[in-house]
Amino acid sequence: MTTTTPSGRPETPALSDGRVELPPGTAPSDPRFVNEDLLPVPVERRRWTTYNFAALWVGMAHNIPSWLLASGLVALGMDWKQAVLTIALANVIVLLPMLLTGHAGPKYGIPFPVLARASFGLRGANLPALIRAGVACAWFGIQTWIGGQGIFILLDKVFGGWSEAARVGGQPWTLWLCFVLFWILELAIIYRGMETLRRFENWAAPFVIVGALVLLVWTAVKAGGLGPLLDQPSKLGWGADFWQVFFPSLMGMIAFWSTLSLNIPDFTRFGAGQRAQIWGQTLGLPTTMTLFALLSVLVTSGSQAVYGAPIWDPVALAAKTDNVFGLLFALVTVLVATISVNIAANVVSPAYDLANLAPKVVNFRTGALITGVVGVLIMPWKLTETPELYIFTWLGLVGGLLGTVAGILIADYWILRRTVLDLAGLYRPDGPYWYAGGWNPAAVLAFAVGGVLAIGGSHSAPGKGPFPEDGLIPFLKPLADYGWAVGLAAALLLYTALMAGRRKSDDREVTLQ
């Protein structure tokens, strides 16, 4: 079976199930745009099943920052029902672009930066790739710091005296030791490659679920039932005060996984087919995040009944036990949960993105090591100091930019090309995706306009953030609370309009030929 591009050019032969691969012996070899990690995954190696994708999401969603999302919203004045509703709705919304961009993975076997070449150009794809890589490096640092803190707290409880060690840079040196050891362990696992990651996620997912349920049962037994937190009224009500917090919080919750809505092809390229990635992600993402948020609320409720104050941090709560076995079990659970999300969500993407920047000198493993170094240099402990900085500034700003890229990818792949790509052309400077010197001006303009609209109005309350109170661009301030949606919609519409004329011109040229 042979397909054609929308402009009428011949396309790479497709299999009966719609999947496409390069014919044997035809792999591109230009070292500026090709290395082994960027080439399409052969069909025989695309074997991830529905369970693999569901397990991937369960493993990624069950982590300490996910647990703390509900606490951040409660700290902003929501009650538990409003917090869980916000998180559930956000993950249903972000699932849609996740499935749309993920489609190219099983069909063509390509990672995110190669897919971005179709819209941004072979060189221009480095723009969204480096933005995504920078975000992932920051997230890697955040998750590693939080994981190191968890290990530190539990080991202090087991051995005693760790928190009283001499301080370096304002923190006990033992905390820095936990951070570094955890960092090394993560990179050692991902260095072994994607197949090792798949096997790790397969058993990590059920293990972490069991650990979370054990924490719930333990808390409920000590509390004799769940405590008064579930009866606490919202400080915001359901009026204007609630909606002022709800929309920026919703965008922040969407931004939590908006990173993966771009680079999900990095994983779906190993999928056995579209059904596997669609069902696996649908069963894995929104359900897991919602149940995990609810679980965090129930456990915290029990902690309030037992200790007189809500303890949102699961590590701090686990440290309340004097049972050595319980502490060690909690320690292993924290290790597995944090490693599971960090190496999958925050190392795989920049490893491919950095390889795309310089394929000749950077491969997947080298990119992973660079990610680890940058993740430390950005000082992640500064990004999680307050809910305002974490949810509104960091997640909101990131979400606006990444929503813009998602809009361009979706417009190009679904609206303009109807999922038909010239697979070999994604690796050739003389192919259809070279545009102007390797850059597509339409994509760059759509990204710039969408990005300004999405984050130009970013603002902070006095003394609580880096932005002016009236916004960076004051008249765009009303759009700031909807950054991800504004960026996605604006870029999608503008890119479609700019490219529609170009594609009509291409069609006329083919007709004349």
Side-chain angles (χ1 to χ4, degrees), residues 4-12 28-35 38-39 101 104 108 110-134 262-263 265 352-360 362 401-454 487-488 490-513:
T4 59
T5 64
S7 62
R9 296 186 177 91
E11 175 56 277
T12 310
S29 58
D30 189 329
R32 296 174 298 169
F33 307 107
V34 180
N35 67 22
L38 297 176
L39 284 172
T101 55
Y108 295 102
I110 54 177
F112 157 65
V114 174
L115 173 62
R117 293 175 181 180
S119 52
F120 282 85
L122 268 70
R123 287 175 173 162
N126 286 317
L127 173 62
L130 288 178
I131 291 173
R132 175 63 184 97
L262 295 186
N263 76 286
Y352 283 125
D353 296 336
L354 293 169
N356 188 71
L357 179 65
K360 191 173 181 178
V362 179
L401 289 176
L402 297 184
T404 301
V405 176
I408 294 171
L409 294 183
I410 293 170
D412 185 81
Y413 183 70
W414 284 95
I415 299 175
L416 297 170
R417 304 188 189 279
R418 308 297 172 88
T419 76
V420 178
L421 298 175
D422 180 346
L423 183 56
L426 291 169
Y427 300 89
R428 295 198 328 263
D430 61 344
Y433 310 116
W434 186 245
Y435 299 107
W439 291 78
N440 183 1
V444 176
L445 179 59
F447 172 78
V449 173
V452 169
L453 291 176
L488 188 148
L492 185 150
L493 293 174
L494 180 57
Y495 181 80
T496 301
L498 292 172
M499 289 297 291
R502 175 189 173 91
R503 297 201 63 78
K504 288 179 180 178
S505 175
D506 289 346
D507 290 344
R508 283 196 297 269
E509 289 179 9
V510 171
T511 301
L512 292 173
Q513 292 171 359

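As the structure is a computational prediction, the values presented were derived from the model and not from experiment. Any value given below was found using the heavy atoms of this structure, including those in side chains, with hydrogens, waters and symmetry copies removed.
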Fill in the blank from the handout: Value for CG (Asn440) from CG (Leu122), rounded to nearest 0.5 Å, stands at 11.5 Å
Problem - Counterpart residues, ring pair (Phe, Tyr, Trp, His ring centres under 6.0 Å), relative to Tyr413 (two or more places apart) - result: His103
Problem - Min side-chain heavy-atom separation Leu115-Tyr108 under 4.5 Å - result: no
Practice task
First locate atom CG of Asp412, then atom CD1 of Ile408, and finally report the distance between them rounded to the nearest 0.5 Å.
Solution key: 9.0 Å
Practice task
List the steps and the verdict of side-chain contact (heavy atoms from CB on, under 4.5 Å) for Leu409 and Phe112.
Solution key: CA-CA 10 Å; Leu409 294 183; Phe112 157 65; 3.7 Å; yes
Practice task
Start with the C-alpha gap between Leu39 and Val34, add the side-chain angles, then the distance that decides, and say whether side-chain contact (heavy atoms from CB on, under 4.5 Å) holds.
Solution key: CA-CA 7 Å; Leu39 284 172; Val34 180; 3.6 Å; yes
Handout entry: Validation row: Val114, Tyr427 side chains within 4.5 angstrom (heavy atoms)
Key = yes
Problem - Rounded distance [0.5 Å steps], CD1 in Ile131 versus CG in Leu402 - result: 7.5 Å
Problem - Any side-chain heavy-atom pair of Leu423 and Ile110 under 4.5 Å - result: yes
Problem - Shortest non-hydrogen separation from Ala118 to Leu426 and the atoms involved - result: N-CD2, 3.8 Å
Exercise for the section: Enter the distance from Asp353:CG to Arg132:CZ here, rounded to the nearest 0.5 Å. Expected result: 7.0 Å
Problem - Atom pair CZ/OH of Phe447 and Tyr495 - distance to nearest 0.5 Å - result: 14.0 Å
Problem - Closest heavy-atom pair and its distance - Arg32, Pro429 - result: NH2-CG, 3.4 Å
Exercise for the section: For residues Val444 and Trp439, determine if any side-chain heavy atom of one lies less than 4.5 Å from a side-chain heavy atom of the other. Expected result: yes
Exercise for the section: Compare every heavy atom of Ala424 with every heavy atom of Pro28, then report the nearest pair and how far apart it is. Expected result: CG-O, 4.3 Å
Practice task
Evaluate side-chain contact (heavy atoms from CB on, under 4.5 Å) for Thr101 paired with Ile410, printing each intermediate quantity in order.
Solution key: CA-CA 6 Å; Thr101 55; Ile410 293 170; 4.1 Å; yes
Handout entry: Spatial distance of atom OH (Tyr435) from atom CZ (Arg123) [nearest 0.5 Å]
Key = 15.0 Å
Fill in the blank from the handout: Tightest non-hydrogen contact, residues Ala446 and Leu494, listed as CA-CD2, 3.7 Å
Fill in the blank from the handout: For Leu38 and Ala355, the nearest pair of non-hydrogen atoms, with its separation, is CD1-O, 3.9 Å
Exercise for the section: For side-chain contact (heavy atoms from CB on, under 4.5 Å), just list the numbers for Leu492 and Ile415, CA-CA rounded to whole Å, side-chain angles, deciding distance to a tenth of an Å, and then say yes or no. Expected result: CA-CA 9 Å; Leu492 185 150; Ile415 299 175; 3.8 Å; yes
Handout entry: Side-chain heavy-atom pair Leu357, Val362 within 4.5 angstrom cut-off
Key = no
Handout entry: Ion pair check, Arg428 and Asp30, cut-off under 4.0 Å
Key = no
Exercise for the section: Indicate the atoms forming the closest heavy-atom contact of Thr404 with Ala454, along with that distance. Expected result: OG1-CB, 4.4 Å
